[in-house]
Amino acid sequence: MYRYLENRLAHHVREFLRRTYDVELPKIVIEQPPRVELGEYALPLAFELAKRLRKAPRKIAEEIVAGIGPVEGFEKLELAGAGYINARVNREALAEALASNTEPPAETQPGKVLVEHSSINPNKAAHIGHLRNAILGDTFVRLLKAAGREVDVQNYIDNTGVQVADVVVGFLHLEKKSRAEIEQLASQPRFDYYCWDLYARASQWYAEDKQNLEVRRQTLHAIEEGGNETAALADLISVAVLRRHLETMDRLDIEYDFLPRESEILHLHFWDAAFTKLKEAGVLVYENEGKNKGCWVMRRRNSTTEVTGTEEADKESIAEEDQKVIVRSNGTVGYVGKDIAYHMWKFGLLGRDFGYREFYRYPNQHDCWISTTDGVPDHPHFGDVAEIYNVIDTRQAEAQNAVIEALRALGHNEAADRYTHFSYEMVALTPRCAAEMGYQLSDEDKTRSYIEVSGRKGFGVKADDLIDTLIASAKKEVDGRHPQLSDAERTTIATQIAVGALRYFMLKFTKQSVIAFDFKEALSFEGETGPYAQYAVVRATNIFRKGGIDPDDFSLAGIDFAHYLSGQDRNEIWELWLAASKTSYIIDQSIATTEPAYLAKHAFQLAQLFNSFYHSYPILSEADESRKRFLLATVAVVRRELTRVLSVMGIKVPAAM
RNA sequence: GGGCGCGUAGCUCAAUCGGAUAGAGCAUCAGAUUUCUAAUCUGAGGGUUGCAGGUUCGAUUCCUGCCGCGCCUACCA
């Protein structure tokens with residue numbers, strides 16, 4: 001409702017300005033006053049107009065307030081401070097609409113959206129950094145769906161890279177395992193943990209003797225070529241690890257629709273198709289000399305590096321700095337090249353498609369598909385979308401920009417405009433956390449504020465370990481509180497609490513903030529956490545259960561909202577209603593700014609206001625029947641909206657806490 | 001060297017194109033439970049928003065310069 005009223009107010013103000021002053025503002029800025037006593041919306045536009053109209057802001061504000069006339073849904077507009085215009089909504093009307101859940105739907109943009117997230121190298125267990133990625137991505141998917149968009153969720157699998165080769169080297173050269181032995185290991189419940197250690201050992205082995213790198217090179221070559229025993233082993237390993245990743249993410253209710261793999265980008269010659277187009281368009285240039293001799297390179301964004309010196313050699317060397325090698329001198333294509341081809345496919349610009357087969361069925365019967373060279377004839381249509389979001393950490397901004405530049409250089413400006421790098425900062429360990437985990441830190445590391453997670457060093461908190469720890473911790477608490485419930489019921493509740501805590505933790509930080517991971521904070525169930533918000537809903541539900549009333553089928557007839565919400569002395573409860581009305585508004589904002597943290601903040605604020613209300617207003621013991629029904633309506637609305645916000649965050653509400 | 005980002009309370013973080021008295025959680029201290037379960041609530045202390053200028057009616061936010069920190073800057077993916 002909040003969003004709807006804001007749009008209406010903006011529309012009215014825009015019309016009034018046009019009529020009265022003949023001015024057209026590009027955007028009517030509407031804010032929220034610092035305190036609810038001042039009203040529900042604040043317009044600072046008089047300050048902006050002061051110069052253009054050559055009048056004092058206060059004078060302009062006065063004129064607008066006096067002249068704008070009634071706006072439906074609002075009580076009045078009033079002048080405040082040095083020139084603010086504050087708007088007061090008709091509380092009764094908003095409450096009635098909210099209670100009956102009749103918000104007019106907003107327009108939905110057409111076209112399918114593709115969200116790519118997770119993209120974990122399939123050579124080791126997922127860690128906390130991957131959790132941030134997947135939770136941000138999955139929440140963004142839920143946001144888009146809540147806004148009515150059709151969404152495809154993709155998880156790109158780099159199954160032919162050096163990381164996979166390293167684990168293959170580990171099995172074949174360090175452990176001398178046979179194929180049968182590897183198959184046996186791959187069927188174990190936490191094969192990815194085994195690979196985690198092996199990957200770190202292989203990395204160590206290369207460091208011990210540079211000669212060993214030759215083994216890696218040969219292994220990688222065999223994998224890329226395909227059709228040999230090494231490639232088959234790599235496939236066996238990467239598919240087994242991939243399954244483990246899907247299982248891990250499914251524990252957090254994160255699902256994918258399609259898993260495009262790098263092996264198919266190679267074997268289905270996506271790159272060849274892209275290469276032809278890139279050469280034709282002159283995007284790629286063959287270097288005949290210099291550092292990049294024999295490579296196909298792309299010029300960096302028209303970085304007009306002004307060369308002040310007149311030396312030709314200087315110009316040359318700077319020009320080389322601006323080049324990005326796409327095809328190496330040995331003829332193989334690098335990561336960025338494959339990514340360009342992949343993104344042309346995403347937008348339906350490549351003229352080729354993957355083969356598809358079903359790969360993983362979720363417990364809810366949803367199917368996740370995977371790329372293959374020869375697929376089944378019947379499959380859903382992926383790719384060819386209107387808009388894409390790539391959830392990839394900020395360290396890859398450079399590579400992402402290269403892909404966008406390539407699209408532009410090919411003349412696909414519209415596609416490039418609808419390509420969003422959903423960028424976020426990494427998760428790192430605090431030195432204390434690293435020490436707790438028993439990692440040896442250098443003296444230099446000890447002075448750092450945080451230490452980067454490194455799969456290569458085997459340095460980090462594994463996703464499943466963290467989830468296990470969270471569940472165990474929640475279970476202990478639930479066991480103590482609800483001994484009458486069955487163990488299965490208690491486990492379900494503990495799991496929901498653990499997932500709520502983890503998802504909330506990863507969402508409460510803004511994207512550009514490095515999360516310095518700390519067990520104490522991540523394991524907390526108190527204060528600004530997921531369980532705090534879940535608990536508020538459980539409390540609301542308990543009121544209805546104890547009262548023998550169905551919160552979803554609760555008659556609103558005859559509730560005198562005006563009586564209980566109007567006036568400055570009713571602000572406390574009104575604030576709760578106002579917060580509850582903002583969900584759609586917050587969802588829109590989170591999408592527009594690609595910032596799910598707003599959602600988390602909103603959930604917490606709503607829960608906090610409710611807990612305070614819960615404490616101050618006894619409901620079931622309320623003697624005044626009319627007042628009691630109003631209070632119940634308040635609880636019902638907050639419960640519904642908070643449940644909705646949590647569900648967009650992928651957080652379920654336990655039956656009891 | 002260049003590019004991107006960060007610096008706010010003891011700690012971890014917020015602050016919606018630049019807006020009204022810079023807000024939360026944790027930690028500390030003092031309180032609240034015969035009640036719809038305290039995973040809760042109430043209150044207190046805690047700030048020169050890294051430093052110095054500039055723009056503006058107004059700057060945590062924008063600009064410039066410093067200081068400190070992180071990431072990127074491979075024919076690795």
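Here is how names work: the chains are called A, B, and so on, in the same order as the sequence lines, proteins then strands, and each is numbered from 1. These values consider heavy atoms only, across backbone and side chains, with no hydrogens, waters or symmetry-generated copies.
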Taking pairing as Watson-Crick or G-U wobble with both contacts under 3.5 Å, can you name the mate of B:G10, or confirm there isn't one? B:C26
B:U37 phosphate, OP1 or OP2, under 4.0 Å from A:Lys546 side-chain N/O: yes
Does any nucleotide pair with B:C41 by Watson-Crick or G-U wobble geometry, both distances under 3.5 Å, and what is it? B:G31
Hey, which of these two, A:Asp393 or A:Arg456, hits RNA chain B nearer its 5' end, going by closest nucleotide? A:Asp393
Can you label the angle between the A:Phe610 ring and the A:Phe613 ring as parallel, tilted or perpendicular, going by 30° and 60°? tilted
Provide the distance between the two P atoms, one in B:U55 and one in B:U73, to the nearest whole Å. 40 Å
State whether a side-chain donor-acceptor pair under 3.5 Å links A:Asn390 with A:Gln400. yes
Looking at the side chain of A:Tyr598, which of B:A15, B:C57, B:A20 is the nearest nucleotide? B:A15
Base, sugar-phosphate, or nothing: which does A:Asp588 touch, judged by heavy atoms less than 4.0 Å apart? nothing
Please classify the nucleic acid contact of A:Gln534 as base, sugar-phosphate, or nothing, using heavy-atom distances under 4.0 Å. nothing
So, using ring-ring contact (aromatic ring centres under 6.0 Å, His included) as the criterion, who are the partners of A:Phe47 when residues are at least two apart? A:Tyr84
Considering just the side-chain nitrogens and oxygens of A:Arg328, establish if one lies under 4.0 Å of OP1 or OP2 belonging to B:A74. no
Per the atom types in the model, does the base of B:C71 pair as donor or acceptor with the side chain of A:Thr394 at under 3.5 Å? no
Please write out each protein N/O paired with an N/O of nucleotides 39-43 of chain B under 3.5 Å, distance rounded to 0.1 Å.
unit_1	atom_1	unit_2	atom_2	d
B:A39	OP1	A:Arg481	NH1	2.9
B:A39	OP1	A:Tyr535	OH	3.2
B:A39	OP2	A:Arg481	NH1	2.9
B:A39	OP2	A:Arg481	NH2	2.4
B:A39	O4'	A:Arg481	NH2	3.3
B:A39	N9	A:Arg481	NH2	3.3
B:A39	N7	A:Arg481	NE	2.9
B:A39	N7	A:Arg481	NH1	2.5
B:A39	N7	A:Arg481	NH2	3.1
B:U40	OP1	A:Gly527	N	3.2
B:U40	O2'	A:Arg539	NH1	2.8
B:U40	O2'	A:Arg539	NH2	3.4
B:C41	OP1	A:Tyr532	OH	2.4
B:C41	O2'	A:His615	ND1	3.0

Would you indicate what A:Lys293 reaches in the nucleic acid, counting non-hydrogen atoms under 4.0 angstrom: base, sugar-phosphate, or nothing? base
Do the ring planes of A:Tyr41 and A:Tyr2 sit parallel (below 30°), tilted (30 to 60°) or perpendicular (above 60°)? parallel
Parallel, tilted or perpendicular: which one describes the rings of A:Phe519 and A:Phe517, with boundaries at 30° and 60°? perpendicular
